[in-house]
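Note that these values count all heavy atoms, side chains included, but never hydrogens, waters or copies made by symmetry. Just so you know, ligand 1 is whichever comes first in the structure, and atom 1 is the first atom listed for that ligand.
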Amino acid sequence: MYIIEPHIHMYSRITDDYQAMYKAGIRVVVEPSFWLGSHRRYAGSFFDYFHLILEFETVRASRFGIDHYCCISCNPKEAENKTLTDEVLSGINEYLDHPRCIGIGETGLNTITENEIYAFRRQLLIAEERTMPVIVHLPHLRKAEGAKIIVDIIKAEGVNQRRIEIDHNTEETMSITRNTECFTGLTVYPYSKLNPRRVSHIVKEYGAGRMIINGSADWGISDPLSLPKTIEFLRNDGYREETLKRLFHDNAHEFYSQSPKWKPNYHIEPVPVSYYQR
Ligand SMILES: [Zn+2]
C-alpha cells in the first residue's frame with residue numbers, strides 16, 4: 001500500500017525526512033500553508049511563501065520520489081490582522097489557480113475571535129465559489145466550543161460539506177464534527193495531539209468512513225513517519241488491511257479528488273545519489 005500524507009509542512013523539514021518517508025511507503029503529500037514562526041507583516045510575504053511551496057517544494061519533493069501538492073490560505077493564527085487578511089485574500093487567486101494548488105487551507109480558528117471568524121467565513125465562501133476542497137483547523141484550546149462555532153458557520157452558509165475536512169479532532173470534538181457530512185481529520189503527534197492508541201479508539205467508535213489521518217509535521221516535536229508508525233500500531237491492534245488502506249490512502253484520495261488538479265503519481269523515481277556526487 002502506498003501512503004498519502006494528507007497534511008504535512010515540508011517547508012520545515014529536512015531532506016532526510018523525505019528519504020525516510022519514501023522508504024516507509026509515503027508517495028504523495030499535501031502541504032497546507034501555515035504559520036512560519038513569526039507573524040508576517042506584509043501580504044507580499046504570504047505571496048512569496050505560496051510561490052515557494054507551490055514551485056520549489058514540489059520540485060524538492062519530486063527529487064526524493066514524492067508527489068507534492070499544496071493548499072493555500074490565510075491561516076487562523078495570522079487572521080487577527082483584518083487589513084492583512086483582506087490584502088492577502090484580494091491577491092490569492094493566482095495562487096489558487098496554480099496547477100499544484102488543490103484546496104484552501106488551513107483556515108479555521110485559533111483563539112476564536114471575531115476577526116478569525118471573518119477570515120474563516122470568507123475563505124469558506126471562496127472555496128465554495130471555486131468548488132475547491134478546504135482544510136479547517138480546529139483551535140488547540142477550547143476545542144469543543146471552536147468546533148461548534150465552525151460547524152454552525154458551515155451549516156449556516158449552506159456550503160458543500162463533502163468538500164470540507166475538519167482537522168485536528170480529539171475525543172471531545174468528534175461527536176460535533178461527525179454530525180456533518182464533512183471529512184474529519186485526526187492528527188498523530190509524538191507527545192501532544194493524538195497518539196496511535198487514541199486514534200484506534202476513535203476510529204473504532206466512529207468508523208473509518210470520511211476519516212483522514214495525518215502527521216501534520218512542522219517545526220515542533222513532530223514526526224514525518226507518524227503515519228507508517230500508526231499503521232503498524234493499528235495492524236497489531238487487529239485492523240484489517242482494507243481498513244488501513246481506506247484510512248491511509250483511499251479517504252484522502254477521495255477527498256482531494258474533488259479537485260481536478262489532483263492526479264497523484266506514485267511512481268516518481270528519486271534522483272540517484274550519484275547525481276549529487278558529480
Ligand atoms: Zn498544519
Side-chain angles (χ1 to χ4, degrees), residues 3-14 17-18 21 26 28-40 45-46 49-50 52-54 57-58 61 66 68-80 85 88 92 95-96 100-112 116 119-120 123-124 127 132-141 143 146-147 150 164-170 173 177 182-195 198-199 211-227 230 248 251-252 255-256 259:
I3 303 167
I4 296 173
E5 167 59 89
H7 182 150
I8 190 162
H9 303 289
M10 294 311 296
Y11 180 89
S12 62
R13 310 300 308 192
I14 58 171
D17 294 337
Y18 272 124
M21 288 162 71
I26 297 172
V28 187
V29 302
V30 179
E31 170 140 14
S33 62
F34 78 148
W35 182 66
L36 290 183
S38 67
H39 285 27
R40 278 161 278 209
S45 309
F46 280 85
Y49 163 67
F50 296 160
L52 189 152
I53 57 173
L54 287 163
E57 200 57 51
T58 294
I66 293 182
H68 176 279
Y69 292 87
C70 293
C71 294
I72 293 299
S73 72
C74 183
N75 71 79
K77 204 164 171 139
E78 284 168 274
E80 206 40 44
T85 300
V88 173
I92 205 168
Y95 303 97
L96 295 175
R100 302 306 297 192
C101 179
I102 53 165
I104 293 191
E106 307 171 56
T107 178
L109 300 176
N110 180 45
T111 56
I112 319 180
E116 288 173 17
F120 168 54
Q123 292 181 89
L124 196 62
M132 292 182 97
V134 198
I135 302 174
V136 180
H137 179 278
L138 289 173
H140 295 297
L141 302 170
K143 264 186 173 305
I150 283 167
I164 299 170
E165 182 211 356
I166 305 178
D167 201 4
H168 309 312
N169 280 277
T170 59
T173 61
T177 57
C182 300
F183 282 78
T184 48
L186 302 175
T187 302
V188 192
Y189 254 42
Y191 301 106
S192 56
K193 304 193 177 160
L194 298 174
N195 58 30
R198 287 169 68 190
V199 167
M211 203 74 92
I212 291 179
I213 302 176
N214 60 72
S216 203
D218 52 23
W219 302 112
I221 299 179
S222 46
D223 184 357
L225 300 183
S226 260
L227 297 188
T230 306
F248 295 92
N251 289 347
F255 176 67
Y256 288 123
S259 163

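Residues Ser222 and Arg13 have side chains that bring a donor and an acceptor to within less than 3.5 angstrom of each other. Side chain to side chain, Asn169 and Thr184 fail the donor-acceptor criterion of an N or O pair below 3.5 Å. In this model, no donor atom of one side chain and acceptor atom of the other lie less than 3.5 Å apart for His137 and Glu116. Between the side chains of Tyr191 and Asp223, no donor-acceptor pair is found at a separation under 3.5 Å.
Protein N/O/S atoms closer than 2.8 Å to the Zn ion (ligand 1), listed by chain and residue number, are His7 NE2, His9 NE2, Glu106 OE2.
In terms of modelled atom types and a separation under 3.5 Å, the side chain of Arg100 and the main chain of Ile53 share no donor-acceptor contact.
The shortest side-chain heavy-atom distance between Cys101 and Tyr95 does not fall under the 4.5 Å cut-off.
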